Amino acid sequence: MAEAARPGVATHSIRYIAGNVLVMIAGFVSFPIMTRLLDNGQYGILGYFDAWLLILVAIFKLGAQHTILRFYPHVGGPGAMERFGANFVMLPFLCGSALWVVALLVYAVIVAVAPPEAATIGWIMLLLLPPTMWISYSGSVAFAQEKSMISAGIAVAQRWLEAVAILFTVYFVDRSAHGVYLARLAVGIVFALFLFRWVRSHLPMHRRDIDAKAGREGLRYGLPMVVNEIASSLLSFADRLMLKELLTDFAAVGVYTIGYGLAINISNLLYYALYNAYTQVSVREYETKGAEAVVRTKRAVLLVVIYLAAAMITGLLSVGNDVLLLMAGDSKAQSAPVFQLIGCNYVIDGLAGIVTAGLLLHKRTMTILTLNLIALAMNVVLNLFWIPRFGVMGAVYATFVSFIALDIVKYLFCPRELRALPGWRETVTAIALTALSLGVWYYTDLFGIQSHLARLATMAVLMIFTFALPALALDSRLRDAILGYVRGKRT
C-alpha cells in the first residue's frame with residue numbers, strides 16, 4: 001500500500017470505535033438476558049474458567065500476536081512475506097499446539113486424581129484453546145497489515161456469533177455455564193476454520209520457508225511478551241481466582257464478574273479502539289519517520305482523548321449505577337460499584353496506554369514484563385489483605401491501585417523522546433468540566449427521576465450543556481481537530 005493511501009490514526013480509530021460499538025451492542029443485547037437466566041454462582045463459574053482460558057491462551061500463543069505486529073515486513077518482496085508467514089505465524093501456532101496437547105494430558109491426570117468442581121467445563125475450555133489462538137493470530141495479521149476494517153470485523157463477527165449461539169443454547173438447551181461454553185466452542189471452531197482459509201489466501205505459509213534463526217528471533221521477542229501477557233491477564237483476572245480461594249464461594253466471583261464484564265466494554269471502546277489505532281500507525285511512523293513523528297501523532301490523539309476520558313469518567317460516577325441496574329436488573333445491585341470503579345480504572349488505563357506508549361517501539365519487552373510483574377505482585381498482596389476485609393470490593397480496590405501504580409511507572413520508564421502528556425490547558429478544562437457536570441448531577445439529583453433509563457438519558461442531555469458544548473467553546477484546538485477531520489473526510 002502506498003504511503004499516501006494509508007489511513008491515519010483518526011480513520012483507524014473511527015473504524016475500531018465503530019467495530020467496538022457493534023461489539024458493545026452485542027454485549028448490551030446478551031448481558032441483560034444472561035444476567036437474568038444465570039445466577040451469581042453460574043456467573044462465578046464462567047468468570048473462574050474464563051480467567052484460566054486467558055492465562056492458557058497467553059502461554060500457548062507464545063507472544064506471536066506481538067511478534068506478528070513488530071516483525072511484519074512493511075518493505076520487501078514476496079520472499080520476505082513467505083519467511084514472515086512461516087516463521088512468525090505458522091511456526092508459533094504449531095509450537096503452541098504441542099503445548100496444548102501437553103495441557104490435555106496434565107488435566108486428565110488432575111481429573112483422575114482429584115476431580116475439580118465443574119470439571120466438564122474445564123475440558124470444554126481446553127478444547128476452545130486452539131481456535132482462540134488462531135483467531136488471535138488472524139486478527140494480528142490483519143492488524144499488522146493496517147486492515148482495520150478486517151481487524152475490527154473479526155472482533156464484531158466473533159462477538160455476534162457467540163452472542164446468538166450462547167443465547168440460543170442457554171435459553172433453549174442448557175441454562176448454565178456448561179451451555180455457555182458449548183456454544184462458544186462451536187462458534188470458535190467454525191470461525192477459526194474460516195479465518196484459516198482467509199489467512200492462507202493472503203499470507204504464504206510453507207514448511208520449506210521455516211528458518212531456525214528467524215524462529216529464535218521471534219521467540220526472543222515474543223516469549224517475554226508471553227510472561228508479560230500472563231502478568232497482564234493475572235493483573236486483571238487474578239482477583240476472580242483469589243475471590244474463589246479466599247471466600248470459597250462462586251457467587252462472590254459472580255458479583256465481581258458481572259460488574260467487571262460490563263466494565264470491559266469501556267476497555268473495548270477506549271483502549272482497544274484508540275490505542276490499537278494509535279499503535280499500528282506509530283509502529284510504521286517510528287520505522288519510517290522517527291520518534292518526532294510519533295510524538296506529534298501522540299499529542300494530536302491525546303488532545304481529543306483527554307476530553308473523551310473525562311466525559312466517560314463523569315458518566316460512570318454519576319449514572320454508572322443506573323447503567324448496571326438497567327442492564328442486569330435490580331437483583332444484581334451488588335455489582336454496580338464494581339462496574340463503576342473498574343470502568344473508571346479502564347478509562348484511566350486507556351488514556352495512560354497512549355501516554356506511556358514507547359517501550360515496545362524500542363523492543364524493551366523485558367522492561368514491560370518487569371513492570372507488569374511488579375504490578376501483579378502488588379495486586380496479589382493487596383488482595384490477600386483487602387478481600388478478607390472488604391469482600392468483593394477488596395478485589396476492586398486492589399485492581400484499581402495496581403493499575404494506577406503500573407501506569408505511573410510505565411511513564412517513568414517510557415523513553416524520553418517518546419514521552420508526551422496531554423496539554424495542561426485541555427487537562428485543566430476537562431477536569432473543570434467534569435467537576436461542573438458532577439456538581440449539576442449531585443445538586444439536582446437529576447430532578448428526582450427514578451427510572452434508570454430516564455436518568456441515563458437526562459444525564460446525557462445535561463452533559464451536552466455542561467461538558468460537550470463548553471469544551472468546544474473553550475478549546476479552539478479541539479474544534480480545529482474535529483473540523484479538520486470532518487473536512488478531510490469530505491474531500
Side-chain angles (χ1 to χ4, degrees), residues 31 35 38-52 54-55 117 231-267 312-350 352 371-409 438 441-442 452:
F31 189 81
T35 52
L38 301 180
D39 59 26
N40 285 340
Q42 291 299 317
Y43 252 101
I45 294 172
L46 282 176
Y48 183 79
F49 281 100
D50 281 350
W52 280 112
L54 288 171
I55 294 167
E117 189 175 354
S232 298
S233 297
L234 286 173
L235 184 59
S236 298
F237 296 101
D239 313 72
R240 304 181 187 189
L241 305 179
M242 297 187 71
L243 280 168
K244 175 61 173 64
E245 296 303 319
L246 294 174
L247 301 182
T248 64
D249 184 10
F250 271 126
V253 183
V255 170
Y256 185 81
T257 300
I258 290 170
Y260 205 112
L262 190 57
I264 284 291
N265 287 303
I266 304 296
S267 174
M312 294 176 77
I313 289 174
T314 302
L316 283 163
L317 294 179
S318 57
V319 291
N321 179 72
D322 295 289
V323 172
L324 189 283
L325 296 179
L326 177 66
M327 297 296 294
D330 292 340
S331 64
K332 302 299 192 294
Q334 288 178 287
S335 298
V338 178
F339 166 64
Q340 289 177 287
L341 286 182
I342 295 297
C344 289
N345 170 73
Y346 272 123
V347 171
I348 295 170
D349 188 57
L371 298 181
N372 279 330
L373 288 175
I374 292 172
L376 172 60
M378 176 185 291
N379 181 261
V380 170
V381 171
L382 292 176
N383 273 318
L384 287 173
F385 286 97
W386 287 352
I387 288 177
R389 182 175 181 182
F390 300 109
V392 172
M393 291 306 297
V396 176
Y397 302 148
T399 296
F400 195 91
V401 171
S402 300
F403 268 85
I404 293 296
L406 177 61
D407 292 334
I408 292 173
V409 295
L438 290 175
W441 161 74
Y442 180 79
H452 301 308

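Since the structure is predicted, the reported quantities are computational estimates derived from the model, not experimental observations.
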Going by heavy atoms in the side chains, are [X] and [Y] under 4.5 Å from each other?
X	Y	result
V323	L262	yes
N379	D239	yes
Q42	D39	yes
L241	I55	yes
N383	Y397	no
Y48	T257	no

D50: which residues meet the side chain to side chain donor-acceptor pair (under 3.5 Å) condition with it, sequence neighbours left out?
Y181, R184
Applying ring-ring contact (aromatic ring centres under 6.0 Å, His included), name anything that partners F385, two or more places apart in sequence or on another chain.
none
Applying ring-ring contact (aromatic ring centres under 6.0 Å, His included), name anything that partners Y260, two or more places apart in sequence or on another chain.
F237, Y256, Y346
If I take atom [atom1] from residue [X] and atom [atom2] from residue [Y], how far apart are they, to the nearest 0.5 angstrom?
X	Y	atom1	atom2	result
I258	N40	CD1	CG	4.5 Å
L438	T314	CG	OG1	5.0 Å
F49	E117	CZ	CD	8.0 Å
I387	L382	CD1	CG	10.0 Å
D349	I404	CG	CD1	8.0 Å

With a cut-off of 3.5 Å and sequence neighbours excluded, list every side-chain donor-acceptor pair involving residues 331-345.
from	atom 1	to	atom 2	distance (Å)
K332	NZ	T35	O	2.7
S335	OG	V255	O	2.7
Q340	NE2	L316	O	3.0

Any donor-acceptor pair under 3.5 Å from S318 side chain to G315 backbone
yes
Let me check something: any side-chain donor-acceptor pairs from residues 242-253 under 3.5 Å, sequence neighbours excluded? List them with distances.
from	atom 1	to	atom 2	distance (Å)
D249	OD1	A251	N	2.9

Contact list for residues 319-330, test salt bridge (charged side-chain N to carboxylate O under 4.0 Å, His left out), sequence neighbours left out:
D322-R455
Within a radius of less than 6.0 Å around CH2 of W52, do more than 12 heavy atoms belonging to other residues, nucleotides or ligands occur?
no
